[in-house]
There are 2 protein chains.
Amino acid sequence: MPSHSHPGPGQIPLQLAVVHRAMTDDFHARLAELGREPLRPAHGYTFRYLAAHPAATTVDLAAHLGITKQAASKAVAELQDWGYVERLPHPTDKRAQLLTLTERGHDYLRLADKLWADVERHLGEVIGPDQLATLSRALRTYIDHTYGDQAVPFRPVW
Amino acid sequence: MPSHSHPGPGQIPLQLAVVHRAMTDDFHARLAELGREPLRPAHGYTFRYLAAHPAATTVDLAAHLGITKQAASKAVAELQDWGYVERLPHPTDKRAQLLTLTERGHDYLRLADKLWADVERHLGEVIGPDQLATLSRALRTYIDHTYGDQAVPFRPVW
DNA sequence: GAAATATGGTCAACCTGATTGACCATGTCA
DNA sequence: TGACATGGTCAATCAGGTTGACCATATTTC
């Protein structure tokens with residue numbers, strides 16, 4: 001009798017992974033429906049970070065994403081090629097570059113926010129507003145407890 | 001005024017990702033504490049699948065994980081080298097191989113189950129038993145609604 | 001100030017986990 | 001029995017990351 005069949009304790013982390021995956025799939029399906037190219041999740045995290053930190057450099061971004069500066073640099077170059085990000089000269093440090101979202105980048109982020117809200121709304125329809133509220137509160141509580149004042153690591157999952 | 005600051009609708013999917021990540025980190029920390037080598041998440045999914053489907057072949061596994069049979073084959077070879085999985089001749093199909101967990105594989109799975117339960121218990125201590133129960137119910141409801149009778153795809157996240 | 005050191009960024013080589021494509025051996029079906 | 005389908009392997013390639021060396025500019029220390 002395997003102790004690892006469906007029910008029982010320890011299921012929640014697995015379910016979290018499944019739901020996370022399902023919602024990500026949902027998001028990408030909505031994106032595809034609109035005919036938009038699917039940027040990878042790491043790009044979304046980059047957008048969010050740049051929008052929130054307009055004076056960020058590549059090194060900052062790398063630290064935030066939990067990857068090396070080389071990897072971050074490559075990602076930024078890609079986003080720049082696609083017109084989502086600009087690299088401007090840093091006003092005081094001639095070595096550094098200021099990373100900023102272009103209008104196109106902001107547009108994409110706004111769209112993504114809308115789509116995530118749609119996904120969330122769908123979740124709400126399935127589980128009901130009460131459970132949705134509880135879910136949100138539980139997640140926030142856990143995140144606050146885990147990271148406290150520290151910056152929440154937005155690193156991609158594994 | 002960026003529409004993508006912290007609060008607001010659409011946050012839940014992001015929070016799910018963060019919590020999932022935090023719990024995975026927690027799991028790996030506990031594993032490391034015991035001095036156990038950290039198999040990758042895909043290995044965990046493989047173990048679970050093999051435990052639940054004792055007559056599985058490499059192709060079955062690949063389909064379940066959502067990867068190519070070549071990739072699955074490589075992963076199985078690795079797990080076999082480490083002594084977690086055996087490849088036995090298939091009783092009726094000379095092309096195929098039966099994948100089975102070794103005792104060592106079952107051990108690891110049991111340990112993983114225990115650690116995930118610990119992680120879950122910790123979550124329960126943080127958010128309280130009521131919210132934990134609601135969370136679990138909400139996740140299960142959403143999963144059932146999304147996948148219904150179909151097999152839940154255990155594919156790694158992105 | 002000048003020398004030593006730290007830091008932002010790039011280039012290049014490499015690793016890993018996946019992919020596609022070709023192929024063989026066995027199974028299944030007409 | 002011949003045609004096609006399927007389980008598995010080998011080989012080449014790709015993507016996204018890593019480490020290491022390096023340059024130019026900042027910052028610290030004497």
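Model, not experiment: these values are computed from the prediction. Any value given below was found using the heavy atoms of this structure, including those in side chains, with hydrogens, waters and symmetry copies removed. Letters go in sequence order (proteins before strands), and every chain restarts at 1.
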The nucleotide from dG8(D), dT19(C), dT10(C) with an atom nearest the side chain of K69(A) is dT10(C)
When rounded to whole Å, the CD1 to P distance for the pair I67(A) and dC15(C) reads 21 Å
Has the side chain of Q70(A) got a donor or acceptor that lies under 3.5 Å from a partner of the other kind on the base of dG16(D)? no
Whole-Å distance, E78(B) CD to dT16(C) C1', equals 9 Å
> T68(B) side chain N/O closer than 4.0 Å to the phosphate oxygens (OP1, OP2) of dT19(C)?
Replying inline: yes
Separation of dT25(D) atom C1' from D93(A) atom CG, nearest Å, is 7 Å
From CG of L88(B) across to C1' of dG8(D) the rounded distance in Å is 16 Å
Of the listed dT26(C), dG8(C), dT19(C), the closest approach to the A71(B) side chain comes from dT19(C)
Salt-bridge contact R110(A)-D113(A) (side-chain N to carboxylate O under 4.0 Å): no
note: K94(A), atom NZ; dT7(C), atom P; distance rounded to Å ~ 20 Å
Scanning both residues in full, the closest heavy-atom pair of A55(B) with D60(B) reads O-OD2, 4.2 Å
Between CZ of R95(B) and C1' of dT26(C) the distance, given in whole Å, is 5 Å
| Is any NZ, NE, NH1 or NH2 atom of the basic residue among E86(A) and R104(A) found under 4.0 Å from an Asp or Glu carboxylate oxygen of the other? | no
(message) Is there, by distance only and without an angle test, a donor paired with an acceptor across the side chain of K74(A) and the base of dG17(D) below 3.5 Å?
(response) yes
(message) For Y108(A) and Y84(A), take the angle between the two ring planes, folded into 0 to 90°, and tell me which bin it lands in: parallel under 30, tilted 30 to 60, perpendicular over 60.
(response) perpendicular
For a quick test of reading the model: is some side-chain N or O of R87(A) closer than 4.0 Å to OP1 or OP2 of dT10(C)?
yes
